[in-house]
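Below is one structure, written out as C-alpha cells, with a few remarks after it.
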Amino acid sequence: MGGVFQYAVISDIHSNLEALRAVLEDIDRRDIERILFLGDVVGYGPDPGECINLVKKRCLHSVAGNHDWAVIGYTPTDYFNYNARIAIEWTRDQLSDEDLEFLQSLSIVKVMDSESLFLVHASPRQPDAWNYILTLYDAEVNFQYFKERICLIGHSHVPFIIERLPSGEIVIHRDEIALKDSCRYIINVGSVGQPRDGNPKAAYGIITDESARIVRVGYDISSTQEKMRRAGLPEFLIERLEKGM
Ligand code: ZN
C-alpha cells in the first residue's frame, strides 16, 4: 500500500524536443506538479542537449535507460542495431561535459518507499540487462523482483497496464484502470519521443494511488523529422515517427 499521490510519468524521450514540450504542456495544463522519468532521454532524435536540460529542470526523479548508458559507455554499443548505433555515436558528439555528467549521475533503479513505487527503465529482474517485458509470462516472473505495489517501466515504447490479482492471475489493460489495494501492477507508460504501438502521438502516464491512465498527445512530427534530416540521422528513424512503429 502506498500513500496518496499523483505523478506524470514519462519515458523514452529520445531527443525529441517537440514531443517532450507537447507532453510537458499537457502535464502543466492538468496542474500535475510532479514528474518521474524512466530513462532514454537521448538516442534517435535531433535535440539531446535540450531534452536533457528539460528533464533536469522538470523531473523529480530520473533513472537511466540503455541509450543513456550507451552514450556514456556504460553499455557497449554492439548491443544496439545499426541505426540506433549511428544515433548514439552522433549524440555523443553533441553533448557537453555537463550533459554527460547528468547521464552519469542517473541511477538504474529508484525506489519510492512512501508511495510504494519501483522505477526502472527495462525490467526489475535484471535492470542492466535491458530485457523487455513483452508477455504475461515475462510480467509474472518480474513481479517477484520488486516488493513495492507498483513498478513503472518504459523501454519497449508500447504502453500497457498489467495487474496481478491476489490469486496470482495476471490481467492486461490498455488505457486506463482504477487500481485496487489488493493488487500489484507493472505499468509501461509508453514513449514520449518514438511511439511504437501504431499510434504516432506521444505517450505518457498519469499514475495516482488509485488510478493509472495512458495519455496521448499530438505534436509537430514534421519539424522533428526536418531537424533529423538536417542532422543526417538515418532515414528509417525519421520515417518511423509518423508511423508510430
Ligand atoms: Zn527507448
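Both ligands and their constituent atoms are indexed starting at 1 by order of listing. The model shown is predicted, which means the values in this text are computed figures rather than measured ones.
- A cation-pi arrangement is present between R184 and F146, with the terminal nitrogen or guanidinium carbon under 6.0 Å from the aromatic centre and inside a 45° cone about the axis.
- For the Zn ion (ligand 1), the nearest N, O or S atom contributed by D12 is named OD1.
- Between H67 and F80, the angle of the ring planes goes over 60°, which puts this pair in the perpendicular group of the 30/60° scheme.
- Within D40, OD2 is the N, O or S atom that lies nearest to the Zn ion (ligand 1).
- Among the backbone and side-chain atoms of H157, an N, O or S atom lies under 2.8 Å from the Zn ion (ligand 1).
- The aromatic rings of W69 and W130 lie perpendicular to each other, with more than 60° between the two planes, well past the 30° mark.
- Among the backbone and side-chain atoms of H14, an N, O or S atom lies under 2.8 Å from the Zn ion (ligand 1).
- Note: H155 and Y132 have parallel aromatic rings, judged against thresholds of 30 and 60 degrees for the angle between ring planes.
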